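Here the structure comes first, spelled out in structure tokens, and everything after it is commentary.
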Protein chains: 2
Amino acid sequence: MPAQQAPTGDSDAAADDRDKPQPSLWERLDRPSPAPRTTLTPHRIAEAAVAIADTEGLDAVTMRRLATALGVAPMAAYRYVSGKDELIELMVDFVYGQLPLDTPADGWREAMHSLAVHLRAMNLAHPWIARAATPFSLSPNQLAVPERAFAALAERGLDADTTMAVFRTVAVYVHGSSASEVALEDLRRARGWSDGDETRAGLAPRMTYLMGTGRYPSYQQYLQQATRKDDPDWHFTTGLDCVLDGIAAHFGI
Amino acid sequence: MPAQQAPTGDSDAAADDRDKPQPSLWERLDRPSPAPRTTLTPHRIAEAAVAIADTEGLDAVTMRRLATALGVAPMAAYRYVSGKDELIELMVDFVYGQLPLDTPADGWREAMHSLAVHLRAMNLAHPWIARAATPFSLSPNQLAVPERAFAALAERGLDADTTMAVFRTVAVYVHGSSASEVALEDLRRARGWSDGDETRAGLAPRMTYLMGTGRYPSYQQYLQQATRKDDPDWHFTTGLDCVLDGIAAHFGI
DNA sequence: TATTCGTGTGTACGTTGTATCGAGCCGATA
DNA sequence: TATCGGCTCGATACAACGTACACACGAATA
């Protein structure tokens, strides 16, 4: 619940009156409108869209569905976002704004570990976000993530490129890991399977067919022997520890 | 190309019909039709769809556009795939089928490194595939990737769960890394920027605005000092080396 | 030659993103 | 107090999408 408010800037904007061809979404939303907003605000739009995506999936977020949820006409939101792409940018930034980035941590490793765990939790809580965002978009609240990481890494005195390499490796691992976790979850939901057992049962015919081809002896052996196939937490944590161990070893920190 | 393995009757249709009355895409495509296909084949469909996605992006792959490219009516492809989702499954499997998985390698590390490099090359050559696929889908040619990895890892005598953890960590890193590389490339193409310089120039206003807010002092310092910002190869390789170092250290192999 | 069935065609429907225009509301000005 | 110009939101419309459905063709079977 620690809420970092969505796009509210704090700069006086005294000198940046250069006329850009098209000011970015965030720049536009920053300037308070002369007339105070009444029914619609970027915040309310993002909130409603995120709620729909969380409960019904990203595909359920249509401009009409969103308008209905907001109680306005289908085209009303276009006053704030230039199109659906910007709507999704807004949603992503809104969710990143809820990341708890102020947790104290001593040492770079604990800080990166905590960051990774929080990012994964966010990806699992909003299963659509890994597909909609990339680790390096340029939205205010997304950029706060590398900012936090760089600040935590500063103590080690690494050069800039190495610092980025460390953060990027972790971020990219978390993104890919979450994406694969979420993909399975999406499949489960799409097929209407309720739990892990039903999912395994639903996937069984396909798996049986594939194994029946005889092309995958090593994989088949894995299936028979593995005991943690359905323990995503263990897989995530183990992989993360590998990554952090590797960073420590590779850069000698 | 799609599965080329022998049919192998698959006798057990006894009790495994849950909510899935229809056999999977791959199972259906396996059985040769009594009448030899004439104008359309799964292979031709996948090939044409991939060609469109490669040159015009995944969004350009519509059932109508595909039909035009194949010289058939809009609904023709529906004889082979049940809908657009299966079309994309077919495309993904087609591309994975072109991965060179038989390159010899001595040692698990060289094998995993080679696998990672090839996977990344595939993701960059077909920029849509990272968004369309996950590292663990159950299509024949996708499953060949863990199969190859497990075979290469077998020499080390790790237990099944650890073997998967190793492969998953690498696969997930490559997936996330490629996704972020491709995202920038997609942005470049979408905005019509031709090279890295134009991209940087196009992103500059947004970056200037964000830095102007003063929220990102560490990131700003990075921007000023870094010299490898535009060297994705270095970032990928460095991160991969971290991951492999970490695996070696964490599991003592 | 008559029948069957796999294959591709033609048409149509509901939904999507969004361009365009008009109406209502507001604070500022006269 | 009356007028005005700007945002804000509503209403309508359109092209393109995925795909359901019914039908026509031709080779294989009899």
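Letters A, B, ... are given to chains in the order of the sequence lines, protein chains preceding strands, and every chain is numbered from 1. Predicted model, so just to flag it, every value in this text is computed and none were measured.
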Exercise. Between A:E89 and A:R28, is the closest basic N to carboxylate O distance under 4.0 Å?
Worked result: no
For this session: Provide, to the nearest angstrom, the distance between the CG atom belonging to A:L66 and the P atom belonging to C:dT18.
Result: 12 Å
Exercise. Are any of the side-chain nitrogens in A:D186 or A:R189 under 4.0 Å away from the carboxylate oxygens of its partner?
Worked result: no
Problem set entry | Contact nearer the 5' end of DNA chain C, comparing A:R65 with A:S82 | A:R65
For this session: Give a yes/no answer on whether the side chain of A:T39 brings an N or O atom under 4.0 Å of OP1 or OP2 in D:dC9.
Result: yes
Exercise. Which whole-number value in Å describes the distance from B:L40 CG to C:dT9 P?
Worked result: 8 Å
Problem set entry | Side chain of A:M75 (C-beta onward), nearest among C:dG17, D:dA11, C:dT11 | D:dA11
Exercise. Are B:R65 and B:D59 close enough for a salt bridge, meaning some N to O gap below 4.0 Å?
Worked result: no
Exercise. Just how far, in rounded Å, is C1' of D:dA20 from NZ of B:K84?
Worked result: 17 Å
Seminar exercise, completed: Rounded to whole Å, CD of B:E86 lies from C1' of D:dT19 at a distance of 14 Å
Seminar exercise, completed: Comparing nearest nucleotides in DNA chain C, the 5'-proximal residue of the pair A:M63, B:G71 is B:G71
Exercise. Taking CG from A:D59 and C1' from D:dG18, how many angstroms apart are they, rounded to a whole number?
Worked result: 13 Å
Problem set entry | Separation of D:dG10 C1' from A:R64 CZ (nearest whole Å) | 14 Å
Exercise. Rounded to whole angstroms, how far apart are CD1 on B:I52 and C1' on D:dC17?
Worked result: 15 Å
For this session: Report yes if a side-chain nitrogen or oxygen of B:Y80 is closer than 4.0 Å to either non-bridging phosphate oxygen (OP1 or OP2) of C:dG8; otherwise report no.
Result: yes
Seminar exercise, completed: A:R79 CZ to C:dC21 P, in whole Å, measures 13 Å
For this session: Using only heavy-atom distances, determine whether the side chains of A:T199 and A:R191 contain a donor-acceptor pair under 3.5 Å.
Result: no
